[in-house]
Amino acid sequence: MSGTNHQVRLAARPVGEPRPTDWEHTEEPVGEPGDGEFLVQVLYLSIDPAMRGWMNAGRSYIRPVEIGEVMRAGAIGRVIASRHPEFAVGDHVSGSFGVQEFCVSDGRGVTTVDPAVAPLPTYLGALGMSGLTAYFGLVDIGRPEPGQTVVVSGAAGAVGSVAGQVAKALGCRVVGIAGGEEKCRLLVDEFGFDAAIDYRGEDIRKALRTHAPEGVDVYFDNVGGDVLDAVLPRLARGARVVVCGAISQYNSTEPKGPANYLSLLVNRATMTGMVVFDYADRYPEGVAQLAAWRAEGRLTSLDDVATGGVAAFPDTLMRLFRGENRGKLVLKIAD
């Protein structure tokens with residue numbers, strides 16, 4: 001294939017917030033697929049808080065992105081050349097294609113998606129890894145029962161918004177924590193939460209006494225830090241805390257752990273971390289249920305689509321840490 005593939009590579013491991021110098025903008029010729037391979041033109045990139053952790057060296061649930069490597073990213077693309085029997089030219093596919101315009105793939109970890117069923121960005125959000133994270137984290141670890149109270153932090157984000165809606169579909173009372181009046185209105189009016197707490201303008205503990213007077217049965221945490229500390233004292237007996245993320249701590253050089261962890265002892269509660277990759281063999285189950293709820297109107301997806309191509313990736317990523325996204329943040333690379 002003729003043409004140029006523009007890419008963003010990790011140039012240095014960030015200390016605190018990523019800086020422009022932590023990235024290298026490179027280009028190379030578009031690759032040619034060999035036997036058993038196909039060429040994907042990337043259309044949309046998934047922008048996720050987890051990316052910040054992938055830039056760090058050291059042991060984690062996934063290997064770090066190496067210096068000089070194309071930045072890891074989930075993506076939706078279109079097959080434009082193929083020598084693979086299972087992927088045809090014109091197919092739309094989802095996979096970890098990285099922050100670049102084109103990618104040669106052997107098909108491992110790649111699935112086809114249907115733009116007639118849902119908009120392509122939705123396969124990175126409610127019907128993608130974000131939705132699956134919310135589904136398995138809540139259903140398998142949170143184990144909510146009808147009538148119980150579920151609290152979700154980062155509730156206006158890609159995972160939090162789905163987690164709250166899954167809890168509603170399961171018959172729970174749902175309280176979301178988000179930053180700003182606009183996001184709190186979104187939780188109630190668009191996503192169907194029963195109540196919303198603005199952590200920027202309200203005392204979370206006081207608000208929880210109002211919105212969860214019998215305590216919090218399930219806390220789905222995407223934020224960590226002070227928000228986690230505010231929720232822990234309000235746990236009900238036997239509560240389950242799902243540790244999905246801690247976006248408030250990702251750019252901190254001195255991460256803050258929970259100060260109120262003894263509430264777990266007092267309330268015989270549990271706190272469990274979850275990584276969606278552990279449920280890979282059950283992805284079809286999760287997608288099928290999420291798609292069914294979406295078709296029934298019980299799951300609303302909100303895709304926040306940024307533009308600017310791969311060159312806009314560094315600044316688009318920082319939108320997450322500035323709290324500027326609503327729903328699932330994706331970066332449009334091509335039409």
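Values below: every heavy atom of this structure, side chains too, minus hydrogens, waters and symmetry copies. From a predicted model like this one, the values you see are computed outputs, not experimental measurements.
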Item to check | Gap separating the CZ atom of Arg326 from the NZ atom of Lys183, nearest 0.5 angstrom | outcome: 9.0 Å

Checklist entry - Within the distance-only criterion (no hydrogens, no angle test), does the side chain of Asp114 pair as donor or acceptor with the backbone N or O of Ala116 below 3.5 angstrom? => result yes

Item to check | Sub-4.5 Å side-chain heavy-atom contact between Leu170 and Val139 | outcome: yes

Checklist entry - With no hydrogens and no angle check, is any side-chain donor or acceptor of Asp91 less than 3.5 Å from a backbone partner on Phe87? => result no

Next on the checklist: Counting C-beta onward and ignoring hydrogens, is there a side-chain heavy-atom pair between Pro18 and Met51 closer than 4.5 Å?
Outcome noted: no

Item to check | Sub-4.5 Å side-chain heavy-atom contact between Phe102 and Leu39 | outcome: yes

Next on the checklist: Any non-hydrogen side-chain atom of Thr270 less than 4.5 Å from a side-chain atom of Val241?
Outcome noted: no

Item to check | Sequence neighbours excluded, every pair satisfying ring-ring contact (aromatic ring centres under 6.0 Å, His included) that has a member inside residues 228-261 | outcome: none

Item to check | Test item: Arg9 side-chain N/O and Gln7 main-chain N/O as donor-acceptor pair under 3.5 Å | outcome: no

Item to check | Under 3.5 Å donor-acceptor, Ser263 side chain and Leu232 backbone | outcome: yes

Item to check | Polar side-chain atom of Asp106 near backbone of Arg108 as donor-acceptor pair, under 3.5 Å | outcome: yes

Checklist entry - When you check the gap from the basic side-chain N to the acidic O, do Asp35 and Arg83 get nearer than 4.0 Å? => result yes

Checklist outcome for this item: side chain to side chain contact (heavy atoms under 4.5 Å, CB included) test vs Thr122 passes for just one of Pro115, Ser130, Ser301, namely Ser301

Checklist entry - With a 3.5 Å cut-off and no angle check, do the side chains of Glu101 and Gln41 form a donor-acceptor pair? => result no

Checklist entry - Should the pair Arg282-Glu285 be classified as a salt bridge under the 4.0 Å nitrogen-to-oxygen rule? => result yes

Next on the checklist: Considering only residues two or more places apart or on different chains, which pairs with a residue in residues 208-228 satisfy side-chain hydrogen bond (donor to acceptor under 3.5 Å, both in side chains)?
Outcome noted: Ser153-Tyr219, Ser153-Asp221, Tyr219-Asp221, Asp226-Lys256

Item to check | Residue pairs fulfilling salt bridge (Lys or Arg N to Asp or Glu O under 4.0 Å) with at least one residue in residues 232-254, sequence neighbours excluded | outcome: none

Checklist entry - Any donor-acceptor pair under 3.5 Å linking the side chain of Gln249 with the backbone of Ala246? => result no

Item to check | Sidechain-backbone polar pair: Asp22 side chain, Arg19 backbone, donor-acceptor under 3.5 Å | outcome: yes

Item to check | Test side-chain contact (heavy atoms from CB on, under 4.5 Å) applied to Phe220 and Ile141, step by step | outcome: CA-CA 10 Å; Phe220 195 104; Ile141 299 176; over 6 Å; no

Item to check | Modelled atom types, side-chain donor and acceptor of Glu37 and His84, under 3.5 Å | outcome: no

Item to check | Flag, side chain of Asp304 to backbone of Gly327, donor-acceptor distance under 3.5 Å | outcome: no

Next on the checklist: For a 4.5 angstrom cut-off between non-hydrogen side-chain atoms, does Ile76 reach Pro121?
Outcome noted: no

Next on the checklist: Closer than 4.0 angstrom, basic N to acidic O: yes or no for Glu17 and Arg322?
Outcome noted: no

Item to check | Check: Arg52/Asn251 side-chain N/O donor and acceptor closer than 3.5 Å | outcome: yes

Item to check | Results of salt bridge (charged side-chain N to carboxylate O under 4.0 Å, His left out) for Glu190 - residues two or more places apart only | outcome: none

Checklist entry - Given the rule in the side-chain contact (heavy atoms from CB on, under 4.5 Å) test, do Val159 and Cys244 qualify, once you have shown the distances and angles that lead to the verdict? => result CA-CA 9 Å; Val159 174; Cys244 178; 4.0 Å; yes

Item to check | Gln100 and Asn5 side chains, donor-acceptor separation under 3.5 Å | outcome: yes

Checklist entry - Taking atom CE of Met55 and atom CZ of Arg72, what is their separation to the nearest 0.5 Å? => result 10.5 Å

Which atom pairs, one a donor and one an acceptor, fall under 3.5 Å between side chains of residues 191-204 and the rest of the protein, sequence neighbours left out?
from: Asp194; atom 1: OD1; to: Lys168; atom 2: NZ; distance (Å): 3.1
from: Asp194; atom 1: OD2; to: Lys168; atom 2: NZ; distance (Å): 3.1
from: Asp194; atom 1: OD2; to: Val174; atom 2: N; distance (Å): 2.8
from: Asp198; atom 1: OD1; to: Gly180; atom 2: N; distance (Å): 2.8
from: Asp198; atom 1: OD1; to: Arg200; atom 2: N; distance (Å): 2.9
from: Glu202; atom 1: OE2; to: Asp198; atom 2: N; distance (Å): 2.8
from: Asp203; atom 1: OD1; to: Arg205; atom 2: N; distance (Å): 3.0
from: Asp203; atom 1: OD1; to: Lys206; atom 2: N; distance (Å): 3.0

Next on the checklist: Between Arg173 and Val150, is the side-chain contact (heavy atoms from CB on, under 4.5 Å) condition met? List the steps.
Outcome noted: CA-CA 6 Å; Arg173 172 175 173 77; Val150 176; over 6 Å; no

Item to check | Where at least one partner belongs to residues 291-335, residue pairs that pass ring-ring contact (aromatic ring centres under 6.0 Å, His included), sequence neighbours excluded | outcome: Trp23-Phe313

Checklist entry - Can you tell which of Thr111, Thr112, Val113 makes a side chain to side chain contact (heavy atoms under 4.5 Å, CB included) with Val93? => result Thr112

Checklist entry - Is any NZ, NE, NH1 or NH2 atom of the basic residue among Asp48 and Lys328 found under 4.0 Å from an Asp or Glu carboxylate oxygen of the other? => result yes

Item to check | Val8 side chain reached by Val70 side chain, heavy atoms, under 4.5 Å | outcome: no

Checklist entry - Would you call the rings of Tyr283 and Phe136 parallel, tilted or perpendicular, where under 30° means parallel and over 60° means perpendicular? => result tilted

Checklist entry - Quick check: does any side chain N or O of Arg78 sit under 3.5 Å from a backbone N or O of Asp335, one acting as donor and the other as acceptor? => result yes

Checklist entry - Less than 4.5 Å apart, any side-chain heavy atom of Leu43 and any of Leu120? => result yes

Checklist entry - Donor-acceptor pair, Ser46 side chain versus Ala75 backbone, under 3.5 Å? => result no

